[in-house]
K.L.:
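Sharing a structure with you now.
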There are 2 protein chains.
Amino acid sequence: MSRAVLSFVAAALLVVHDGHVSTASTARERARAEITREIVEVGRAHLAREGAAALSLRAVARDLGMVSSAVYRYVPNRDALLTLLIIDAYNSVGAAVEGADAAQRRSDLPGRFLAIARSVRGWAIEHPHEYALIYGSPVPGYAAPEDTTGPATRVPMVLIGVLVDMVADGRAPQPRRLPRKVRASLAPMMQAVPDTVSEDLMLRGLSSWGTLLGTISLELFGHLHNVVEEDPALRAAFFDHQMTRVAVDLGLAPED
Amino acid sequence: MSRAVLSFVAAALLVVHDGHVSTASTARERARAEITREIVEVGRAHLAREGAAALSLRAVARDLGMVSSAVYRYVPNRDALLTLLIIDAYNSVGAAVEGADAAQRRSDLPGRFLAIARSVRGWAIEHPHEYALIYGSPVPGYAAPEDTTGPATRVPMVLIGVLVDMVADGRAPQPRRLPRKVRASLAPMMQAVPDTVSEDLMLRGLSSWGTLLGTISLELFGHLHNVVEEDPALRAAFFDHQMTRVAVDLGLAPED
DNA sequence: TCTCTACTGTGAGCAGTGCTCACATAACAG
DNA sequence: CTGTTATGTGAGCACTGCTCACAGTAGAGA
């Protein structure tokens, strides 16, 4: 994606997420912010209904009663709109997970983990196309633009919060010795995390995160067809059980 | 997908995977089989280069020097070609994994698991767009056509083989007691599996499968950016470590 | 061997897409 | 009030999936 498009996304974010942006602005600027917001909103509706592959700028324009070329005044191209929707989706799931975590007793570590896991799954089931957009195959090119990385970290940050509290409460398992290369591989992550969290704990956390997303993706993308009963209650029981086991393996809960 | 299209896929499979199909056929039938094979082959090349989203029947037709409407004599629509490519991809990764497993000593359970995991990851890195097509967001509708389910089970079957051998060698962990609903949820799977494998072991296996795919998806879809060093050797070390841990949690290897 | 049917290839065409551009018009800044 | 800048318009290009009337051609049966 070009520089111009990137700087657009940065600008649009102010508009979209501050809601009603700097009120001390000209009528033109307010109109621009409003219309940009509408475009993203309609885009999200289309995404939710038909999926990313079917998202069309022309259809969005029609819904808004404007000619198709007019939306290019607000969004440089289709991929840029998708990028905004990706950011939107990350924030949506991020908010849900943060809320679920906050609703638990801080000291109830396995309860928090299970609440987080359920919350991700619940959000995914409610927003399957959005989930596919952010955790399935990336559609606009391979490198996610930098703008998405911030919102993308919200859910992992909540998980890391659990790990941090586990250490603080003295309930973290004894860190294992790790091969040099494995330690080295984690360098970027360790820079962004309180150094109370050991590399070993980080690895356990990443594994849990992988299991969490892997299990949800298996379910959502149809790979549990003919494997796990389709009945929602049974699916939920299955998921809860698997996540409870993950919590145990992570060291959050004692072996039963 | 319509009945007609489904029956097409079934027919095309004979053509594509028997290689040179029933030689006791008319020249016309042989030509048809050959051209169908070429279409799938060119389609796979396009998929590998540009990804599923960019796959175009017209471009495939151009590459084959035929007019675009002619390919519709062989493939009813774009989704049907994608379905063939999905089956192709499942068979490709399936063959790779079966080979990797067979190359290990049968009794070396953790070695087999690690070989399987590495083989899936290796294949995924070599064929990122194919991986995205089968394990990322499903693109042609939500319900994968029945034709894909057979090839899709090849990799899981290899994993189940390890579980079966684990039981046969008396190295399976003592099955845990499970909640009634969790047991019930597994009914479909348990029908397809030797009854030496307990529900509990099946759950552990599914968890490992989720972790395996989840970890690879995290890496391939860019979610380890700024988390795990990009250097391929370090990425490999990270993955191997994680999978070794999974093997331990699965009960394949002793706690070190 | 001839005829009729069923298959294969052709090119035009329809409706839709992303995106660009010349142009008009409106809003703002000086 | 004037000149610049932002916004909306409609035509147009190149592309897509897919259909269809038409022209050949291969194969099966008489």
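Below, read A as the first sequence line, B as the second, and so on, with proteins coming before strands; counting in each chain starts at 1.
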K.L.:
DNA chain C in dot-bracket, Watson-Crick or G-U pairs under 3.5 Å, [ ] crossing, | other strand?
P.N.:
||||||||||||||||||||||||||||||
K.L.:
What is the distance, to the nearest angstrom, from the NE2 atom on B:His46 to the C1' atom on D:dT16?
P.N.:
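My rounded result for the distance is 14 Å.
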K.L.:
Is there a donor in the side chain of B:Tyr131 and an acceptor in the side chain of A:Ser137, or the other way round, less than 3.5 Å apart?
P.N.:
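No - no donor-acceptor pair under 3.5 Å links their side chains.
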K.L.:
Quick check: any donor-acceptor pair below 3.5 Å linking the side-chain of B:Arg28 to the base of D:dG27?
P.N.:
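There is none.
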K.L.:
Specify the separation, in whole Å, of atom CD1 of A:Ile35 and atom C1' of D:dG8.
P.N.:
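It works out to 10 Å between those atoms.
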K.L.:
Considering just the side-chain nitrogens and oxygens of A:Tyr74, establish if one lies under 4.0 Å of OP1 or OP2 belonging to D:dT7.
P.N.:
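The answer is no; no side-chain N or O of A:Tyr74 sits under 4.0 Å from OP1 or OP2.
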K.L.:
Provide, to the nearest angstrom, the distance between the CZ atom belonging to B:Arg58 and the C1' atom belonging to C:dT10.
P.N.:
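Nearest whole value for this atom pair: 13 Å.
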K.L.:
Is any side-chain nitrogen or oxygen of A:Arg62 closer than 4.0 Å to OP1 or OP2 of C:dT17?
P.N.:
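Affirmative; the distance criterion is met.
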K.L.:
Of the non-hydrogen atoms in B:Phe221 and A:Gly136, which two are nearest, and what is the gap between them?
P.N.:
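Heavy atoms of B:Phe221 and A:Gly136 come nearest at CD1-O, 3.3 Å.
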K.L.:
With the side chain of A:Ala59 defined as its heavy atoms from C-beta on, choose the nearest nucleotide among C:dT17, D:dG8, D:dA21.
P.N.:
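Comparing C:dT17, D:dG8, D:dA21 against the side chain of A:Ala59, the answer is C:dT17.
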K.L.:
Out of C:dT20, C:dG9, C:dA22, which nucleotide sits closest to the side chain of A:Ser69?
P.N.:
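The listed nucleotide nearest to A:Ser69's side chain is C:dT20.
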K.L.:
Output the rounded distance in Å from CG (A:Leu64) to C1' (D:dT7).
P.N.:
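Whole-Å distance recorded here is 15 Å.
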K.L.:
Do B:Thr215 and B:Arg121 touch side chain to side chain, with heavy atoms closer than 4.5 Å?
P.N.:
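When only atoms from C-beta onward are counted, B:Arg121 and B:Thr215 do not touch, as no gap falls below 4.5 Å.
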K.L.:
Quick one: B:Leu57 CG to D:dG17 P, roughly how many Å, whole number?
P.N.:
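So the two atoms are 5 Å apart, to the nearest Å.
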K.L.:
In whole Å, what is the span from the CZ atom of A:Arg73 to the P atom of C:dC19?
P.N.:
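That distance rounds to 15 Å.
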K.L.:
Distance-only, no hydrogens or angles: does the A:Arg78 side chain make a donor-acceptor pair with backbone N or O of A:Leu55 under 3.5 Å?
P.N.:
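Confirmed, A:Arg78 side chain pairs with A:Leu55 backbone.
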K.L.:
Would you state whether a donor and an acceptor, one from the side chain of A:Ser68 and one from the base of C:dG18, lie under 3.5 Å apart?
P.N.:
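Per atom types, no contact qualifies.
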K.L.:
Expressed in angstrom and rounded to an integer, what is the separation of A:Tyr72 atom OH from D:dT7 atom P?
P.N.:
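Distance check: A:Tyr72 OH to D:dT7 P gives 17 Å.
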K.L.:
With sequence neighbours left out, write down each residue that passes salt bridge (charged side-chain N to carboxylate O under 4.0 Å, His left out) with A:Glu41, or none if nothing qualifies.
P.N.:
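Expected list: A:Arg37.
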K.L.:
Sequence neighbours excluded and cut-off under 3.5 Å, please list the side-chain donor-acceptor pairs for residues 224-234 of chain A, or say none.
P.N.:
residue, atom, partner, partner atom, Å
A:His225, ND1, A:Glu230, OE2, 2.8
A:Asp231, OD1, A:Ala233, N, 3.1

K.L.:
Given C:dC19, D:dT9, C:dG18, identify the nucleotide with an atom nearest to the side chain of A:Ser56.
P.N.:
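Per side-chain heavy atoms of A:Ser56, the pick is C:dG18.
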K.L.:
Please check if the side chain of B:Asp101 supplies one atom and the backbone of B:Val97 the other of a donor-acceptor pair under 3.5 Å.
P.N.:
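A pair under 3.5 Å: no.
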K.L.:
With hydrogens left out and only the distance checked, is there a donor-acceptor pair under 3.5 Å joining B:Arg78's side chain and the base of D:dG17?
P.N.:
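Looking at the base of D:dG17, it does not pair with any donor or acceptor on the side chain of B:Arg78 (distance under 3.5 Å).
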K.L.:
Specify the separation, in whole Å, of atom CD of B:Glu34 and atom P of C:dT8.
P.N.:
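In whole Å, C:dT8 P and B:Glu34 CD are 14 Å from each other.
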